[in-house]
*Asks:* 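Below are the structure tokens for one structure; questions will follow.
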Amino acid sequence: MLYVIERAKKCLDFAATLYIIHLFICIVYGGWPASVTWWVLNITGLATMALLGEYLCIRRELKEIPISRLRASV
């Protein structure tokens, strides 16, 4: 996620989109998931994916920008 979206604000949207696509694939393949454990596992996975993605993106955004020591002559 860090290299695909690169922005912390978009992490939840990206993760939710992937899990909705996963839900549709599961519905096509085996019908509506009726198991409570399936829902708990997928909601936990969605939350973990979104939070970890936001954490990594925020860490990347807060890195210092290297400034060269050479100054242009004015």
Side-chain angles (χ1 to χ4, degrees):
M1 266 175 63
L2 180 64
Y3 298 108
V4 175
I5 54 176
E6 299 177 349
R7 295 286 310 216
K9 291 181 179 181
K10 297 179 183 178
C11 286
L12 179 61
D13 294 337
F14 183 76
T17 302
L18 285 181
Y19 272 89
I20 289 171
I21 292 170
H22 176 256
L23 174 65
F24 287 139
I25 292 171
C26 288
I27 290 171
V28 168
Y29 180 71
W32 184 260
S35 172
V36 174
T37 55
W38 187 93
W39 287 103
V40 169
L41 181 67
N42 279 287
I43 290 171
T44 304
L46 170 64
T48 304
M49 183 177 177
L51 290 174
L52 232 65
E54 283 184 20
Y55 172 73
L56 292 173
C57 287
I58 286 173
R59 277 189 55 208
R60 186 178 192 189
E61 288 175 3
L62 292 178
K63 273 188 177 177
E64 291 184 19
I65 300 172
I67 299 174
S68 65
R69 300 260 181 207
L70 302 174
R71 298 180 119 183
S73 298
V74 178

*Asks:* What are the two closest non-hydrogen atoms of Ile58 and Ala8, and how far apart are they?
*Replies:* CG1-CB, 3.6 Å

*Asks:* Would you kindly confirm whether Val4 and Leu12 end up in one hydrophobic cluster when ILVMFWY residues are joined by side chain heavy atoms under 4.5 Å apart?
*Replies:* no

*Asks:* Find out whether Cys11 and Leu52 are in side-chain contact, i.e. whether some heavy atom of one side chain is under 4.5 Å from a heavy atom of the other.
*Replies:* no

*Asks:* Taking all heavy atoms of Arg7 and all of Glu61, pick out the closest pair and write down the distance.
*Replies:* CA-OE2, 3.5 Å

*Asks:* Measuring from Ile20:CD1 to Asn42:CG, what's the distance to the nearest 0.5 Å?
*Replies:* 11.5 Å

*Asks:* Using 0.5 Å steps for rounding, measure from the OG1 atom of Thr17 to the NE2 atom of His22.
*Replies:* 14.5 Å

*Asks:* Do Ser35 and Val40 make a side-chain contact, defined as non-hydrogen atoms from C-beta onward lying under 4.5 Å apart?
*Replies:* no

*Asks:* Would you say that more than 12 heavy atoms from the other residues, nucleotides or ligands in this model lie under 6.0 Å from the CZ of Arg59, or not?
*Replies:* no

*Asks:* For the atom pair CG (Leu46) and CG (Leu51), what is the distance rounded to the nearest 0.5 Å?
*Replies:* 9.0 Å

*Asks:* Report the relative orientation of the aromatic rings in Trp32 and Trp39; use parallel for angles under 30°, tilted for 30 to 60°, perpendicular for over 60°.
*Replies:* tilted

*Asks:* Kindly compute the distance separating CG (Asp13) from CD1 (Ile5), expressed to the nearest 0.5 Å.
*Replies:* 8.5 Å

*Asks:* Spell out, yes or no, whether Ile25 and Tyr19 are grouped together once hydrophobic residues are joined by side-chain heavy atoms under 4.5 Å, including indirect joins.
*Replies:* no

